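Below is one structure, written out as structure tokens; comments come after it.
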Amino acid sequence: QVQLVESGGGLVQAGGSLRLSCTASGRTFSSSAMGWFRQAPGKGREFVANIDWSGRSTSFADSVKGRFTIARDNAKNTVLLQMNNLKPEDTAVYYCARYQGAMYSFSPIGEWGQGTQVTVSS
């Protein structure tokens with residue numbers, strides 16, 4: 001089955017940047033929408049960003065609009081989350097996910113990554 005492997009998390013000061021990567025195994029990546037979610041301590045998992053199969057359609061949570069961008073490289077089976085102007089409230093475990101469909105709307109999650117910790121200090 002498809003496996004998602006994440007990297008790029010770490011500790012960064014407020015105002016800094018990080019780039020998260022998620023690489024998928026298998027041959028379904030190029031036809032699947034992808035997403036990023038996060039979970040802060042004591043809170044539920046929340047949506048961060050989505051990208052459709054082609055990379056032409058994206059969506060973002062209001063809390064990260066203007067600061068985060070999402071992109072994909074289908075040739076490398078990789079989706080990226082570029083996080084700029086990070087804030088302490090961005091501290092969370094970040095998870096990538098593969099949707100079962102080509103579009104993220106109305107599509108269930110197929111697989112989750114293991115998560116990577118992002119800590120933003122003030």
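What you are looking at is a predicted structure, and each value in this text was computed from that prediction instead of being measured.
- For the pair Arg72 (side chain) and Gly55 (backbone), a donor-acceptor distance under 3.5 Å is absent.
- Within the model, atoms CD of Gln3 and CZ of Arg98 stand 12.0 Å from one another, a figure rounded to the nearest 0.5 Å.
- The shortest non-hydrogen separation linking Leu81 to Tyr94 is CD2-CD2, 4.1 Å.
- Atom CZ of Arg38 and atom CZ of Arg45 lie 13.0 Å apart (nearest 0.5 Å).
- Judged by distance alone, with hydrogens and angles left aside, the side-chain atoms of Gln114 form a donor-acceptor pair with the main-chain N or O of Glu6 at under 3.5 Å.
- The shortest heavy-atom contact between Phe29 and Asn74 is CE2-OD1, 3.1 Å.
- Side-chain contact check for Thr78 and Thr23: at least one donor-acceptor pair (N or O, by modelled atom type) lies under 3.5 Å.
- Salt-bridge check for Asp62 with Lys65: passed, with a basic side-chain N closer than 4.0 Å to an acidic carboxylate O.
- Atom CG of Leu18 and atom CE of Met83 lie 4.5 Å apart (nearest 0.5 Å).
- Under the 4.5 Å side-chain heavy-atom criterion for Ile, Leu, Val, Met, Phe, Trp and Tyr, Leu86 and Leu11 are members of distinct hydrophobic clusters.
- Across Ser17 and Gln82, no two heavy atoms sit closer than the pair CB-NE2, 4.0 Å.
- No donor-acceptor pair under 3.5 Å is formed between the side chain of Thr119 and the backbone N or O of Thr91.
- Hydrophobic clustering, with ILVMFWY side chains joined whenever heavy atoms are under 4.5 angstrom apart, groups Trp112 together with Val93.
- In this structure, OG1 on Thr69 lies 8.5 Å from CG on Leu80, to the nearest 0.5 angstrom.
- In the hydrophobic clustering of this structure, Phe60 does not group with Trp53; members are Ile, Leu, Val, Met, Phe, Trp, Tyr whose side-chain heavy atoms approach within less than 4.5 Å, directly or through other members.
- The nearest pair of heavy atoms linking Ala14 to Ser122 is CB-CA, 4.4 Å.
- Note that the OG atom of Ser105 and the CG atom of Asn50 stand 7.5 Å from one another [nearest 0.5 Å].
- Placement of Tyr95 and Met34 in two distinct hydrophobic clusters is found when ILVMFWY residues are connected by side-chain heavy-atom separations under 4.5 Å, directly or transitively.
- Between Thr58 atom OG1 and Phe68 atom CZ the span is 14.0 Å, to the nearest 0.5 Å.
- Closest heavy-atom contact between Cys22 and Leu4: SG-CB, 3.8 Å.
- Proximity of Ile109 to Tyr99: side-chain heavy atoms (C-beta onward) are separated by under 4.5 Å at one or more points.
- Among all heavy-atom pairs drawn from Tyr104 and Asp52, the shortest one is CE2-N, 3.6 Å.
- Classified by interplanar angle (parallel below 30°, tilted 30° to 60°, perpendicular above 60°), the ring pair Phe47/Phe37 is perpendicular.
- Cluster annotation: Ile70 and Val64 are assigned to the same hydrophobic cluster (Ile/Leu/Val/Met/Phe/Trp/Tyr, side-chain heavy-atom contacts under 4.5 Å, transitive).
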